[in-house]
Amino acid sequence: MATLKVQGGTSAGFPKKNYTVQFLKEDGGKNKVKLVDSWGKQSKYCLKANWVDFSQARNVVSGQLFNQIVHSRCIDDELNALPNGGVVDGYPVLVYLNGDLLGLYTMNIPKDNWM
């Protein structure tokens with residue numbers, strides 16, 4: 001089971017919303033699921049509309065470029081151990097809600113304490 005919540009005050013004003021996805025157990029507790037091996041199991045993910053980026057790439061592609069920079073350095077620090085070098089990571093998805101196509105989004109890891 002999962003819940004969707006509109007994410008952020010700015011996103012709420014756009015026609016295409018960002019959402020927080022929370023996976024839950026039958027009893028209402030958090031249910032950690034693994035969507036991507038390098039992310040580990042998480043109970044919360046983000047569906048980003050990327051409303052101001054029609055390519056749907058700027059957020060995720062910039063994060064992947066940063067990750068490559070982090071892992072090309074000759075410095076062994078905490079960024080090396082974090083998923084995607086400690087910045088946003090995601091992949092494109094088509095989102096349907098109650099049978100209606102909302103469009104192309106990216107499924108992202110959230111900016112939480114573990115990041």
Between Gln42 and Lys34, is any side-chain donor less than 3.5 angstrom from a side-chain acceptor?
->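 There is no such pair between these side chains.
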Test item: side-chain donor near acceptor, Asn50 and Thr106, under 3.5 Å =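 Present: a donor and an acceptor within the cut-off.
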Between [atom1] on residue [X] and [atom2] on residue [Y], distance to nearest 0.5 Å:
X     : Y     : atom1 : atom2 : result
Asn84 : Gln68 : CG    : CD    : 9.0 Å
Met1  : Leu24 : CE    : CG    : 5.0 Å
Lys44 : Gln7  : NZ    : CD    : 8.0 Å

Keeping the roles fixed (side chain from [X], backbone from [Y]), state whether a donor-acceptor pair exists under 3.5 Å.
X      : Y      : answer
Asn67  : Gly85  : yes
Asn108 : Pro110 : no
Ser72  : Ile69  : yes
Tyr105 : Cys46  : no
Gln22  : Lys30  : no

Angle class for the Trp39/Tyr91 ring planes (parallel below 30°, perpendicular above 60°, tilted otherwise)?
->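 Ring orientation of Trp39 relative to Tyr91: parallel.
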Could you check Tyr19 against Val95 for side chain to side chain contact (heavy atoms under 4.5 Å, CB included), going step by step and ending with a plain yes or no?
-> CA-CA 11 Å; Tyr19 296 98; Val95 175; 5.7 Å; no
Please write out which residues are connected to Ile75 in a hydrophobic cluster, directly or through intermediates, given that two of Ile, Leu, Val, Met, Phe, Trp, Tyr count as joined at side-chain heavy-atom separations below 4.5 angstrom.
->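 None; Ile75 is a cluster of one.
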Check the pair Leu47 / Asn18 against side chain to side chain contact (heavy atoms under 4.5 Å, CB included), numbers first and verdict last.
-> CA-CA 6 Å; Leu47 280 170; Asn18 290 334; over 6 Å; no
Which pair of non-hydrogen atoms, one from Lys16 and one from Ala49, has the smallest distance, and what is that distance?
->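 Reported closest heavy-atom pair: CG-CB, 3.6 Å.
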Looking at Val21 and Ala2, what are the two nearest heavy atoms and their distance?
->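 Heavy-atom minimum between the residues: CG1-CB, 4.2 Å.
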For Asn98, look at atom CG and say whether over 12 heavy atoms of other residues, nucleotides or ligands are found less than 6.0 Å away.
->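 No, the 6.0 Å shell around CG holds no more than 12 heavy atoms from other groups.
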Residues Val33, Lys41; criterion side chain to side chain contact (heavy atoms under 4.5 Å, CB included); working and verdict = CA-CA 5 Å; Val33 297; Lys41 287 185 173 184; over 6 Å; no
Side chain to side chain contact (heavy atoms under 4.5 Å, CB included) between Thr20 and Leu4, intermediate numbers included = CA-CA 6 Å; Thr20 298; Leu4 284 179; over 6 Å; no
What residues form a side-chain hydrogen bond (donor to acceptor under 3.5 Å, both in side chains) with Thr3, not counting sequence neighbours?
->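 Scan of Thr3 (side-chain hydrogen bond (donor to acceptor under 3.5 Å, both in side chains), adjacent residues dropped) gives none.
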Quick one: which residue pairs count as a salt bridge (charged side-chain N to carboxylate O under 4.0 Å, His left out) with a foot in residues 63-74, not counting sequence neighbours?
->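 Matches after skipping sequence neighbours: Arg73-Asp77.
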